Q: 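What follows is a structure written as structure tokens; I'll ask about it next.
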Amino acid sequence: MAAATRGCRPWGSLLGLLGLLSAVAAAWDLASLRCNFGSFCECDFRPDLPGLECDLAQHLAGQHLAKAVVVKSLKAFVRDPAPTKPLVLSLHGWTGTGKSYVSSLLAHYLFQGGLRSPHVHHFSPIIHFPHPGRIERYKKDLKSWVQGNLTVCGRSLFLFDEMDKLPPGLMEVLRPFLGSSWVVYGTNYRKAIFIFIRWLPALGHSRGAPAGRRGALSPAAAAPRAALCAQRAGPAGPGAAGR
């Protein structure tokens, strides 16, 4: 009996070890581990460009040129397995032109978690940079935030809202991240996306149109473009009328 008991111990130890390894594997975020050790990691980056095109066609009125530029830029960037620099989009215009709406759609159709994705970072001057006198501290923090998040996942989106309200000089710390270098501060950043939103109140007056009218979002969804939306059916993406 004693011999039989001793013979079973190795099997029991092996089963215990396997159980321990399973528990450890479940506790670790394997996706994050892959991101830390390889540039191939896409995190929760799941681009749905046909869905984005369809949603823009149905719900964004009067911005044909902007839609074409955004979609063309995204297609080229997403299809490039090794981009030489990050994608930088600047959305500017007066109130009602759909800037915030477009940015929310981009997050929704590019990342599995949309705006709630841990790799989508939304910066607001009122929330994150409220005191102009603390500009040097903000510069240090912003550089650290961007660098740290790109280290966790190269496929990150950084959204800067209301650029016209940011403290002067703050964006200078982003210059190294926006160029065509291979590595900045030891971080690979070429697959990142930066979106800058700026309100230009004078733009509408210079064209003789009141703010929020020309090019504004239609109150009801536009008629579907059959040729464009044939591959996509379902409700519209998140977001309210742009600011």
Side-chain angles (χ1 to χ4, degrees), residues 29 31-32 35 41-61 63 66-67 69-71 73-75 77-78 83 86-93 95-130 138 141-166 170-171 174 177-178 189 191-199 216-218 221 229 232-243:
D29 184 351
S32 298
C35 288
C41 179
E42 298 294 293
C43 305
D44 68 339
F45 187 72
R46 303 290 187 273
D48 178 8
L49 297 184
L52 175 64
E53 260 188 295
C54 178
D55 217 331
L56 288 174
Q58 291 189 61
H59 303 103
L60 187 65
Q63 299 291 346
K67 286 186 288 188
V69 171
V70 168
V71 172
S73 301
L74 277 173
K75 284 183 176 180
F77 183 74
V78 170
L87 176 63
V88 180
L89 297 175
S90 178
L91 308 178
H92 55 270
T95 301
T97 50
K99 303 181 297 298
S100 297
Y101 180 72
V102 171
S103 64
S104 68
L105 286 183
L106 292 178
H108 176 68
Y109 285 108
L110 292 177
F111 290 85
Q112 191 172 17
L115 289 171
R116 296 183 178 181
S117 167
H119 309 301
V120 174
H121 312 282
H122 185 187
F123 294 93
S124 167
I126 298 177
I127 298 175
H128 299 97
F129 316 109
Y138 292 157
D141 289 343
L142 180 57
K143 174 185 173 182
S144 177
W145 288 337
V146 173
Q147 182 181 353
N149 284 295
L150 285 177
T151 301
V152 173
C153 180
R155 283 290 193 188
S156 295
L157 186 152
F158 300 92
L159 172 61
F160 293 87
D161 205 354
E162 298 181 299
M163 290 284 294
D164 50 290
K165 297 181 181 179
L166 288 175
L170 177 61
M171 291 292 99
L174 294 182
F177 295 100
L178 305 181
Y189 66 97
K191 290 187 176 183
I193 300 176
F194 292 85
I195 301 178
F196 302 101
I197 299 178
R198 182 186 297 273
W199 180 52
L217 292 173
S218 59
C229 304
R232 180 78 182 183
R243 285 178 285 181

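Nothing here was measured: the structure is a model prediction, and the numbers come from that model. Just so you know, residue 1 is the first one in the sequence shown, and it goes up from there.
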Q: Would you find a donor on one side and an acceptor on the other, under 3.5 Å apart, between the side chain of K191 and the backbone of P83?
A: no
Q: Kindly say whether W199 contributes a backbone atom to a donor-acceptor pair with the side chain of D164 at under 3.5 angstrom?
A: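 Here the side-chain-to-backbone pair exists.
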Q: In Å, rounded to the nearest 0.5 Å, how long is the span from CZ of R198 to CG of L91?
A: 11.5 Å
Q: Partners of D44 by side-chain contact (heavy atoms from CB on, under 4.5 Å), sequence neighbours excluded?
A: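 If we apply the side-chain contact (heavy atoms from CB on, under 4.5 Å) test to D44, skipping adjacent residues, the hits are F111, Q112, S117, P118, H119.
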Q: With under 30° as parallel and over 60° as perpendicular, where do the rings of F194 and F158 fit, or are they tilted in between?
A: parallel
Q: With the side chain counted from C-beta on, respond yes when I193 and P86 share a heavy-atom pair under 4.5 Å apart, and no when they do not.
A: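 No, their side chains stay 4.5 Å or more apart.
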Q: If you count heavy atoms of other groups shown closer than 6.0 angstrom to CZ of R116, is the number above 12?
A: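 At most 12 heavy atoms, drawn from other residues, nucleotides or ligands, come within 6.0 Å of this atom.
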Q: Please list, chain by chain and in numerical order, all residues satisfying ring-ring contact (aromatic ring centres under 6.0 Å, His included) with F123, sequence neighbours excluded.
A: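 F123: ring-ring contact (aromatic ring centres under 6.0 Å, His included) contacts with H128, W145, F160.
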Q: Among all residues two or more places apart in sequence or in another chain, which pass the side-chain contact (heavy atoms from CB on, under 4.5 Å) test with K75?
A: L49, E53, V71, R79
Q: Side chains of Y189 and Q147: closer than 4.5 Å at any heavy-atom pair?
A: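 They are not in contact (no side-chain heavy atoms under 4.5 Å apart), so the answer is no.
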Q: Rounded to the nearest 0.5 Å, how far does NZ of K99 lie from CD1 of I197?
A: 7.5 Å
Q: Is there a side-chain contact between D161 and F196 (heavy atoms, below 4.5 Å)?
A: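 Result no, sub-4.5 Å side-chain heavy-atom pair not found.
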Q: Residues in side-chain contact (heavy atoms from CB on, under 4.5 Å) with I127, at least two apart?
A: S124
Q: Within the distance-only criterion (no hydrogens, no angle test), does the side chain of H108 pair as donor or acceptor with the backbone N or O of S104 below 3.5 angstrom?
A: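 No, H108 side chain to S104 backbone: no donor-acceptor pair under 3.5 Å.
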